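So the structure is just underneath, and the comments pick up after that.
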Amino acid sequence: MTQPVSPPRYDSGKAPATARTPAWRALAARADVRTLSLLGVLAVLVVIGGVTKPDEFLDTRNLQLVLTQASVIGVVTVGMTFVITSGGIDLSVGAIVALASVWATTVATQEYGFAGILFTALAVGVGCGLVNGLLVAYGGMVPFIATLAMLASARGLALQITDGRTQIVTVDSVLGLGERDAYLLGIPPLVLVFAVVTVIGWLVLNRTTFGRRTVAVGGNAEAARLAGIDVRRQRLYLYLLSGLCCGIAAFLLIVLAGSGQNTNGNLYELDAIAAAIIGGTLLSGGRGTITGSVLGVLIFTTITDIFALNNLQSDVQQIAKGAIIVAAVLVQRRTASTT
């Protein structure tokens with residue numbers, strides 16, 4: 001008995017009415033939920049600051065100060081995001097910032113003016129990054145141990161250079177960048193540098209082969225190696241990038257503080273790691289987001305500013321930051337288990 005033959009179906013090129021997705025729903029599906037959540041948290045903090053201290057928090061100078069303070073740690077966080085995305089860690093960023101800032105503000109260095117200070121800060125940062133990269137990539141050391149050793153060494157060398165004293169900057173062209181006369185359309189130069197570093201970091205991570213290799217190494221280093229990626233060289237480049245960001249941050253800190261101190265960059269490593277984590281970068285590697293990391297920096301900086309304006313204890317501030325970090329990690333674990 002022959003089966004009835006169904007009439008041929010012709011594809012009109014249009015999706016069935018039941019399969020069509022409203023434009024607003026498709027747009028919502030493409031949106032980064034985590035980024036929107038971070039923007040929501042930042043908006044809530046702004047509202048809290050505006051309600052508790054409206055005249056002070058919403059003042060233009062205070063907002064400029066918040067962005068300026070976020071710029072220094074923000075540049076460090078951009079470099080940290082690349083390292084963590086690759087499955088590594090860098091505990092030495094704060095110490096490298098300190099070493100670069102004091103080396104760049106010695107009397108001998110300041111004799112070379114603006115260029116000498118900038119070059120020294122960048123060179124010290126890249127040099128420390130090179131040592132970290134060689135130890136991790138070619139020395140086979142665990143990133144935690146290698147960068148911990150750099151943390152201790154850089155802090156010790158910074159203390160030796162300064163002998164515990166603050167080194168005052170006397171170069172007017174450097175100090176001038178921190179003056180209001182140097183602002184461009186009301187935006188401090190330090191914030192502009194941070195914006196440029198952020199844009200470049202986003203483009204490199206999301207639009208270049210280097211970024212794709214970084215994600216691949218963090219996702220599965222052995223698979224990346226079998227795919228033809230030189231994993232050791234990639235890791236070396238990443239620590240060089242982190243060191244470069246530390247050098248830039250050191251110069252920004254010199255401009256902001258007008259001095260170099262061996263205590264500069266204290267706990268920067270923890271702030272940078274925390275900002276990257278709450279921004280959505282996986283500690284295990286394989287996923288990173290520059291946008292999320294920057295929002296994480298802004299959230300932490302805004303919290304600090306609100307606590308300072310309301311004369312709240314710093315220990316409560318640290319507890320609040322710790323709670324945010326724990327919540328972010330729990331969200332990451334839940335997200336990973338459901339995907």
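Not measured: the values here are computed from a predicted model. Sequential numbering from 1 along the given sequence is applied to the chain's residues.
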Should [X] and [Y] be counted in the same cluster of Ile, Leu, Val, Met, Phe, Trp and Tyr side chains packed under 4.5 Å apart?
X	Y	answer
Val97	Val124	no
Val78	Ile273	yes
Ile145	Met150	yes
Tyr112	Ile168	no
Leu65	Val75	no

Decide yes or no for [X] and [Y]: does some side-chain heavy atom of the first lie under 4.5 Å from some side-chain heavy atom of the second?
X	Y	value
Tyr138	Arg233	yes
Glu269	Asp90	no
Ile161	Asn262	no
Thr52	Leu309	no
Phe300	Ile278	yes
Leu203	Thr208	no
Ile306	Thr302	yes

Closest approach of [X] and [Y], non-hydrogen atoms and distance?
X	Y	answer
Gly116	Thr120	O-OG1, 2.7 Å
Ala121	Ala250	CB-CB, 4.5 Å
Ile84	Ala276	CD1-CB, 4.1 Å
Val41	Ile299	CG1-CD1, 3.9 Å
Val76	Ala249	CG2-CB, 3.4 Å
Thr105	Gly260	OG1-CA, 3.5 Å

Just verifying a value: how many Å separate [X] [atom1] and [Y] [atom2], rounded to the nearest 0.5 Å?
X	Y	atom1	atom2	result
Leu240	Leu134	CG	CG	8.0 Å
Leu190	Ile248	CG	CD1	11.5 Å
Thr106	Ile117	OG1	CD1	8.5 Å
Thr162	Trp103	OG1	CH2	13.0 Å
Leu244	Leu130	CG	CG	12.5 Å
Leu99	Leu151	CG	CG	11.5 Å

Before you tell me yes or no, could you show the steps for Thr77 and Ile73 under side chain to side chain contact (heavy atoms under 4.5 Å, CB included), namely the whole-Å CA-CA distance, both residues' side-chain angles and the distance that decides it to 0.1 Å? CA-CA 6 Å; Thr77 303; Ile73 184 61; 4.0 Å; yes
Do any N or O atoms from the side chain of [X] and from the backbone of [Y] form a donor-acceptor pair under 3.5 angstrom?
X	Y	answer
Ser71	Leu67	yes
Thr147	Leu91	yes
Gln167	Ser259	no
Thr85	Gly218	no
Gln110	Ala104	no
Gln234	Ile229	no

Residues 57-64, side-chain donor-acceptor partners within the protein, below 3.5 Å, at least two apart:
{"unit_1": "Asp59", "atom_1": "OD2", "unit_2": "Arg61", "atom_2": "N", "d": "3.0"}
{"unit_1": "Asn62", "atom_1": "ND2", "unit_2": "Phe57", "atom_2": "O", "d": "2.9"}
{"unit_1": "Asn62", "atom_1": "ND2", "unit_2": "Asp305", "atom_2": "OD2", "d": "3.0"}
{"unit_1": "Gln64", "atom_1": "OE1", "unit_2": "Arg180", "atom_2": "NH1", "d": "3.0"}
{"unit_1": "Gln64", "atom_1": "OE1", "unit_2": "Arg180", "atom_2": "NH2", "d": "3.4"}
{"unit_1": "Gln64", "atom_1": "NE2", "unit_2": "Gly186", "atom_2": "O", "d": "2.7"}

Looking just at side-chain N and O atoms, do [X] and [Y] make a donor-acceptor pair shorter than 3.5 Å?
X	Y	result
Asn132	Ser92	yes
Thr304	Thr301	no
Gln261	Ser101	no
Thr281	Thr81	no

Step by step, would you call Arg232 with Asp230 a side chain to side chain contact (heavy atoms under 4.5 Å, CB included)? CA-CA 6 Å; Arg232 294 190 298 178; Asp230 190 332; 4.0 Å; yes
Test log, rule side chain to side chain contact (heavy atoms under 4.5 Å, CB included), inputs Val217 and Arg235: CA-CA 8 Å; Val217 170; Arg235 285 175 173 162; 3.9 Å; yes
Just checking Phe210: does its CZ atom have more than 12 heavy atoms from other residues, nucleotides or ligands closer to it than 6.0 angstrom? yes
Which pairs, with at least one residue in residues 206-226 and sequence neighbours excluded, count as a salt bridge (charged side-chain N to carboxylate O under 4.0 Å, His left out)?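 Passing the test, one end in residues 206-226: Glu222-Arg225.
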Which residue pairs satisfy the salt bridge (charged side-chain N to carboxylate O under 4.0 Å, His left out) criterion with at least one member in residues 153-175, sequence neighbours excluded?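 Qualifying pairs, neighbours excluded: Asp163-Arg165.
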Partners passing side-chain contact (heavy atoms from CB on, under 4.5 Å) against Phe119 (at least two apart in sequence or in another chain): Ala123
List in chain and number order the residues that pass side-chain contact (heavy atoms from CB on, under 4.5 Å) with Val136, two or more places apart in sequence or in another chain; answer none if no residue qualifies.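 Partners of Val136 by the side-chain contact (heavy atoms from CB on, under 4.5 Å) criterion, ordered by chain and then number, come out as Pro143, Ala146, Tyr239.
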As a quick check of understanding, evaluate side chain to side chain contact (heavy atoms under 4.5 Å, CB included) for Phe82 and Ile290, giving each step before the final call. CA-CA 9 Å; Phe82 276 88; Ile290 298 295; 3.9 Å; yes
The criterion is ring-ring contact (aromatic ring centres under 6.0 Å, His included); which residues satisfy it with Phe194, sequence neighbours excluded?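 If we apply the ring-ring contact (aromatic ring centres under 6.0 Å, His included) test to Phe194, skipping adjacent residues, there are no hits.
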What is the ring orientation for Phe114 with Phe251, classed by angle as parallel under 30°, tilted 30 to 60°, or perpendicular over 60°?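 The rings of Phe114 and Phe251 stand perpendicular, inter-plane angle above 60°.
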